[in-house]
Each structure stands twice: as C-alpha cells, then as structure tokens.
Amino acid sequence: MRTRFFWLCSLLSVGAMAQPRPADDPFLHRLYDRLHASPAQTKYRTIAPMPIGAVYVQQPGEGETEMRAHFRTMKQLGFNALKQIMTVPGWTIEQVQLIALEEGIIPWWYGEGGWQSITPALLKTLDIPVNTPMAEVRQHPRMLAHQQELLRQRILKSDALMKATGKPLKDRSVAYEPELGGRGFDLTDRGKQLFRQWVRQQYGTIERLNQVWNQNHAGLQPGEGDPFASWDDFEKRYGQLGNKEYRHLHDILDFKVEHSLESIRQTCERFRAFDSSAVFRGGGEIGLFHPLAWYGVDLERVADLMTRYGSFYPSIHFAWHYGEVNYELVRPFYMQASLANDFFKGGWAATWESTGGPQQFSGGRGGADFTVDEGTITQFLLSQIAAGFRGWGAWAWNARTAGWEAGEYALLDRHNQVTARAVRMGQIGQAANRYRDELWAAHKEPIVGVLYDWHNEATWAAMSESGREEFRLRPMQARVGISRALINANIPFEYVTTPDLAKGLGGRYRVLYVPAQVSLSRDLVRQLGGYVRQGGRLVMDVPSGYYDEFTALLSTKAGSEFEQLTGVTIRDYQGSGVNRTYRLGTTPVSGMIATLQPTTARVVSRFDDGQPAITEQTAGRGTAVVLGYEAARMCFRPGQAAAENQLISQVLGNNQPPYRCTDAIVYRLAAPAADHYFFINDGPARTASLTTGAIRYKAVVDALTNEPLDLNRPVPLDANSGRWIRAIR
C-alpha cells in the first residue's frame, strides 16, 4: 500500500496536465461535476434536496400539543427538516420524529435527500409518466405518499434497533478521534505499534525509509548515531528519532488520517447496510481555520469518502470556530464554507451544524461578544449559499433551558417567541427551495484558484514542535490573507487542491495562487510548469519552495526545475519587521522575504534597498510570478488596504473580473437559467452599483421578495446585512 502522497506524485510524474478550456465549457464544469460522481451523488442531484432544518430541544413541560405547535410554526416560516432532536426524560427521539413527520417536517437533517432514488422503475411503479418534469414529480401526491411511508418505516426500524441494542446506529463521523493518541504527534503504545507497521507498508525497504526520513543528512539519525540498519534496528531505535527530523512527524499525521478514514468507512458500511436510502454525513465539529493536519485530520479525504455515502459538512459556530481569525465573521463566513465546498467539488456539501442565535458564554474560549440578529443571519446564510452549500441545519430552533448553552444559539428568544432572525432564516430557506434546481445546477466561475495542500500543512505542523505552535497557523493565515484580498476586490475565486490539479482541473483557473507552500514537491513543480506552459498565470509567494516533499532543502539553483519554471534562484530567506524593515514603495513588508536572483525572469518591483521583490517569467503561453515576501499572510488581518492592493495587482495581471461592485462584497453563482448574486454589506445602510460587463439579463429580481430590480440603478442594502439577487438569463 502506498500513501496518497505517492499516489499523487505518480499521477503528476506521468504528465497529468490541466485540461484545455473548451469554448462551450471554459470553466471545466463537466470535469468538476465528475470529480465526486457516484450513484449516491447522482441521486442527490436528481432530487435536488434543500433541507432547511434546526434542532428541536424539548423543554420541560412540553408535550405533543406544544411540539406540534413548534413544528407548524417552523413549516409556516419555511423550515422543512429537523437537524436533530433532544428530548426530556420520558420521551424518545422516535416519538418526536413521528410527530414531526405528521406535521410535514422531515425529522432528519438531510430532508428529501433521504428519499428513495427517483428512477424510471419507481415512476412506473407509482404510475407517474417518466417524462414528468422533476419539479412536478417531487410534488406528485403518489410520490409524496410513497416517500412519506418510507420515512415512517425508517423511524420504526430505528426504534426497534434502539429497543434491541440500547443505542442508535451511528450516522455521522467526527473529525478527530483520539483512539491512537492525542492531537499532534502523540501516540499511544498501540498507536506506536501500528505506526511502525504502517511505515513498513509505505516504504517497503529500510533503504527507502532512510532516504525519505533524511537519514543521509547530518544530525537527524536516531540518537544522532547511524541510519537504521534494518527493520529490526528500526523497531529498536525508532523511539530515539526525536523531533528534528520533520518527515517522520508528517508521516505520523498521515498515519492518523488513514486510520481514521478506515474507521469512518466501516461506520459508513454499517449505516448503508441498515438503510441504503438514508444519508451519512462526514466532516465533524471542527473549525476550518484550525490546524487540521496537526489534529491528524484531512477533511478533503473525508469528503472523498462521502462520495459513495452521503454529504460532507463542517460545523460552523461563531464562538467555537472563529478564534483563529480573531472572531471576525463576515469574510470568514465565505472562506470557511468555500473551503468545505471545494474539498467536495461536485458532491453535496452543506453546513449541517450551524449557528441559530446569540452566544456569549458557551464557546470554545468564551467571552466573544457577538450580535446574531437577522442581519448577521442574512450575511451568514447568503455566504453559505454563494459558496456552494445546499441546505443547512441550525443549532437550534429553541434553546436549552439550564446549564451549558442555556438561552443561547437559538432562533427563538428566551421565551420561545419567534424572532426576526428566525423569520429571516425561513425566508432565505423558502427562496433556496424555490430556486433549488437552479442552485443545484449552479457553479462558481472562478478567475483565481487558491492552492490548498494537506501535505504542506502537515509540514508546517511538523515544524511547530518544540514550542513553535504558531507555525501550525501560518498556512491558514496566508490562505485567509489571499482570500480576504480577493473578496474585498470582488474577484471570484475557489480553493483548489493538489489532487484536483492531478485530475486536470488546473485549466479552470486563469490564475493559480500558491500561498506559503513551504513544502514544494518536485512533482508539483512539474505540474505547475505544465499549467503555465498551457497559458495559466502562476503566482507564488514566500516561503514557497523552502523544502521539498521530504523536508530537505529544495534546490532552486540554475538549471533546477524551480529555476526553469520561475526564472529565478533563491539564495536565502531573510526577514523584515524586526531588526530591518523593507518596503515596497511606501508599504512596509513584514515576515520572511526571499533573496531572489533572476536568471531569465524580469524584475517587476524592487524593495527599497534595490533588491528584487517581485519577478515574472514567461513560459509557453503563460507566466510565473514570484512574490519575494509573505504577500498573502500580510493581508491576514483586516485593514491592510495597501498590501491587498499590491497583492491583487500582481495576481490579476491582464485578467479582468466578470463583474464589478465597489460598494459591497458580491459573490456570484452561475446557472443555465439564472445567475445569483449575493450582496454582503458589513457597514451602514447604503446603495451598491453592480456592473456585469458583457453579461446581459432578461430580468432581475430580489430572490426573497420577487421585487423587480434595475441593475442600471444602485441596489439598496440594509445595514450589516445582505441581499440576494436573481438575474434571469
């Protein structure tokens, strides 16, 4: 067995290149949709479920009458599912599920996604003509009755299982399982034993292990003695290796990921055997700004696993999952949802665990003073839809009544009264269901692809040992920085992973931005070279190219593949902002800088001391740009307008965005029937002018109210809120 890394390298080495951009599919949507194609994903695309759910928390004294009132209110507002049910003693979840189902609320987070597949055979059985439009099929009385009975039988079957075993069937994964050790590089005794077995399977020979684990370099041997002489010697001396050698630390994280994935797969199989129509959800309650690789988590591989079994999701709670970005919300809303969606390109991703109301006391750290009103909910949900999510599950409809989280996170107020935020979530839910087929057919049309590489993140994690914890956050900070600059400039972008590139998706992006790629494999250099030669614009910042895939120094000397791609060699990495501060024009530079020595590249900009700061090389039909400083990470925090403008000018080159708006953030999804624009306003009430360039529309309406709009006039925006515009082709 070989690791995913070596599988990826083998793909790259045989010349997997970016697919050309056909005239009728310039964004490679067909390839995008195939990346996670399966019978399960085909079923979801056919049904196009749009679950709008929330957790129902049974409160003391509530019985059937009160429950039915809750569920009728939910349905009236626009909710159609329950994310979860929590009962008081004396009640079972199954009892509440049956009541919800009778009131027209599907009592699972996946809503109609848990229906039986709508096939020609099922249509024939129900005597529904096979040429009936799907929108009509979903509402056909015989189809609704059939699926309702299937859901009812699922509840009864689950009830029987609970009575027989005393526990429910596990229907979801958690992102982090400490079975083999704590976070990071900690391993239990059993974990160490299994890891040593895993290492043997990965590398085959002790010679290969010594090569990959840098045993031919000075000072990295176990006990600083000799390299491993044999597998028996490896068994005896592995514990003496220490933390100076980074690649074996990377491998511990990779081992934990693979072990966790196998556990999730087995859980999925048990779930599928119990009910082949129900939907499994993979992901978990882990913020996407956390150092995921250091946790031993690879959410992209979890998403890959969901191809056969269900839906992929992140948990999104403000007080839990935004600490690493200093509890900033508006722009990180879109970043987090986009990263999750982009891990599962073509698959069903959504936020099945998300915030419904205020939270002041009950977070991961506590003390973050949020306002969660209808405006915040609008910003939040429109960002999720714009990112590609299809549905959501809010925690919660009503609040817990004592102790932990009492009075928090809920759509209802502390007295169980409907709030403006509940009404707004329902309104957005109604619109999402009204346009569900368009949203399921919609795609982003990105100008820029921002590279995400789990192995690079794992290398940063390995470097964080010995008290240097902040290194774990460096790649995230750079990713946030470039994302912030793109969002503020209204440049459509998408996160693209190294497996995506290996599958030919590079041609989807006019620009490929590589942030903080401290571990740059030689095979990835070749892949990037192919992307550039075929016409792409590659932009790479510092410290990309510091290490190779094994954490040995990457050669950038004249004649190296790096130098041939970029037209520069990197003589050293220095720093700015401590004992010396360099400037680009009037903008001070902070962080690492590269000592660039151009060979064939032209110098675009120089630091104030005259040394090259930015270079550009033409290769084939494209260009490769090296930003010799931490350009993306400098934009991590808000308010860095000069750094953002400098970054965007180098990212775009001659490329132009398809639409413009200088007065608000605007995201866009493109569908065959209509384009959907999502305006996000994080300031006072204002108007915003949207220019769509060469794109012309038959009509434009507010998606929530159906109010006609004229894009030749400024669009009014409420303060600290958002607006969803549907532009009909």
Side-chain angles (χ1 to χ4, degrees), residues 1-22 25 27-38 41 202 212 250 254 257-258 261 292-293 298-308 312 339 341-347 446 448-459 475 479 493-515 517-540 544-545 547-550 554 561-562 565 620 622 624:
M1 181 178 67
R2 297 171 67 84
T3 64
R4 184 182 74 148
F5 172 79
F6 288 108
W7 169 81
L8 171 61
C9 286
S10 66
L11 277 180
L12 296 174
S13 64
V14 298
M17 294 292 182
Q19 296 291 319
R21 296 165 60 96
D25 188 18
F27 292 94
L28 305 183
H29 291 330
R30 290 191 289 269
L31 173 60
Y32 179 104
D33 288 341
R34 292 196 303 269
L35 291 180
H36 292 98
S38 72
Q41 300 304 320
Q202 305 311 302
V212 172
H250 164 287
D254 207 6
V257 166
E258 290 197 1
L261 288 172
L292 300 177
D298 186 342
L299 288 179
E300 183 185 8
R301 281 188 264 183
V302 175
D304 290 345
L305 189 58
M306 291 303 104
T307 302
R308 290 183 56 201
F312 175 72
L339 187 59
N341 181 81
D342 299 347
F343 281 154
F344 202 25
K345 295 179 177 70
V448 180
V450 176
L451 187 66
Y452 176 96
D453 179 7
W454 184 90
H455 296 281
N456 178 60
E457 307 254 332
T459 299
R479 185 169 66 249
F493 74 98
E494 182 175 86
Y495 299 112
V496 56
T497 68
T498 43
D500 291 336
L501 294 180
K503 296 169 186 174
L505 200 65
R508 180 171 166 84
Y509 313 102
R510 299 181 194 173
V511 180
L512 188 60
Y513 192 89
V514 180
Q517 188 78 17
V518 73
S519 175
L520 182 61
S521 76
R522 285 159 288 200
D523 284 301
L524 181 54
V525 172
R526 294 168 197 150
Q527 179 78 350
L528 298 177
Y531 167 80
V532 169
R533 287 191 296 274
Q534 292 185 17
R537 179 177 178 84
L538 171 68
V539 184
M540 182 184 305
S544 299
Y547 289 120
D548 67 10
E549 61 268 38
F550 306 122
L554 178 71
E561 290 174 314
F562 180 92
L565 169 62

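This one's a predicted model, so the numbers in the text were calculated from it and none came from an experiment.
The heavy-atom pair separating V511 from V539 by the smallest distance is CG1-CG2, 4.1 Å. When all heavy atoms of R526 and R533 are compared, the closest pair comes out as O-NH2, 4.4 Å. Heavy atoms only, all atoms of each residue included: F343 and H36 are closest at O-CE1, 3.7 Å. Closest non-hydrogen pair, D25 versus R30, comes out as OD2-N, 3.2 Å.
With a 4.5 Å cut-off on side-chain heavy atoms, F562 and L520 count as touching. Using a 4.5 Å cut-off on side-chain heavy atoms (C-beta onward), V450 and E494 make no contact.
For the atom pair CD of Q527 and CG of L512, the computed distance is 9.5 Å after rounding to the nearest 0.5 Å. Taking CG of D298 as the start and CD of E258 as the end, the distance is 10.0 Å to the nearest 0.5 Å. Note that CG of L451 and OG1 of T498 are 6.5 Å apart. Values are rounded to the nearest 0.5 Å. The distance from the CG atom of L538 to the OH atom of Y531 is 7.0 Å, given to the nearest 0.5 Å. Rounding to the nearest 0.5 Å gives a distance of 9.5 Å between CG of L524 and CG of L565.
A donor-acceptor pair under 3.5 Å is formed between the side chain of S544 and the backbone N or O of Q517. Looking only at distances, no side-chain donor or acceptor of Q41 sits under 3.5 Å from a matching main-chain atom of D33. Between the side chain of K503 and the backbone N or O of D500 there is no donor-acceptor pair closer than 3.5 Å. Side chain of N456 to main chain of V518: a donor-acceptor pair is present (N/O by atom type, distance under 3.5 Å, no hydrogens or angles). For D342 (side chain) and Y495 (main-chain N/O), a donor-acceptor pair under 3.5 Å exists by modelled atom type. H250 places no side-chain N or O within 3.5 Å of a backbone atom of T459 that could act as its donor or acceptor partner. Judged purely by atom type and a 3.5 angstrom limit, E300 has no side-chain atom pairing as donor or acceptor with the backbone of T497. No side-chain donor-acceptor contact under 3.5 Å links Y509 to the backbone of R537. Under the 3.5 Å distance criterion, the side-chain polar atoms of S519 are left unmatched by any main-chain donor or acceptor of Y547.
We find that R479 and E457 are joined by a salt bridge, their nearest charged nitrogen and carboxylate oxygen being less than 4.0 Å apart. The residues D254 and R301 are annotated as salt-bridged, a charged nitrogen and a carboxylate oxygen being separated by less than 4.0 angstrom.
R308 pairs by the side-chain contact (heavy atoms from CB on, under 4.5 Å) definition with E269, not counting sequence neighbours. For F27, the ring-ring contact (aromatic ring centres under 6.0 Å, His included) test picks out H29, with sequence neighbours left out.
Classification of the F312-F344 ring pair by plane angle, with boundaries at 30° and 60°, yields perpendicular.
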In sequence, state the C-alpha distance, the side-chain angles, and the governing distance for E549 and L554, and then conclude on side chain to side chain contact (heavy atoms under 4.5 Å, CB included).
CA-CA 9 Å; E549 61 268 38; L554 178 71; 5.7 Å; no
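For an aromatic pair to be called close, the ring centres must be under 6.0 Å apart, and F493 with Y513 fails this.
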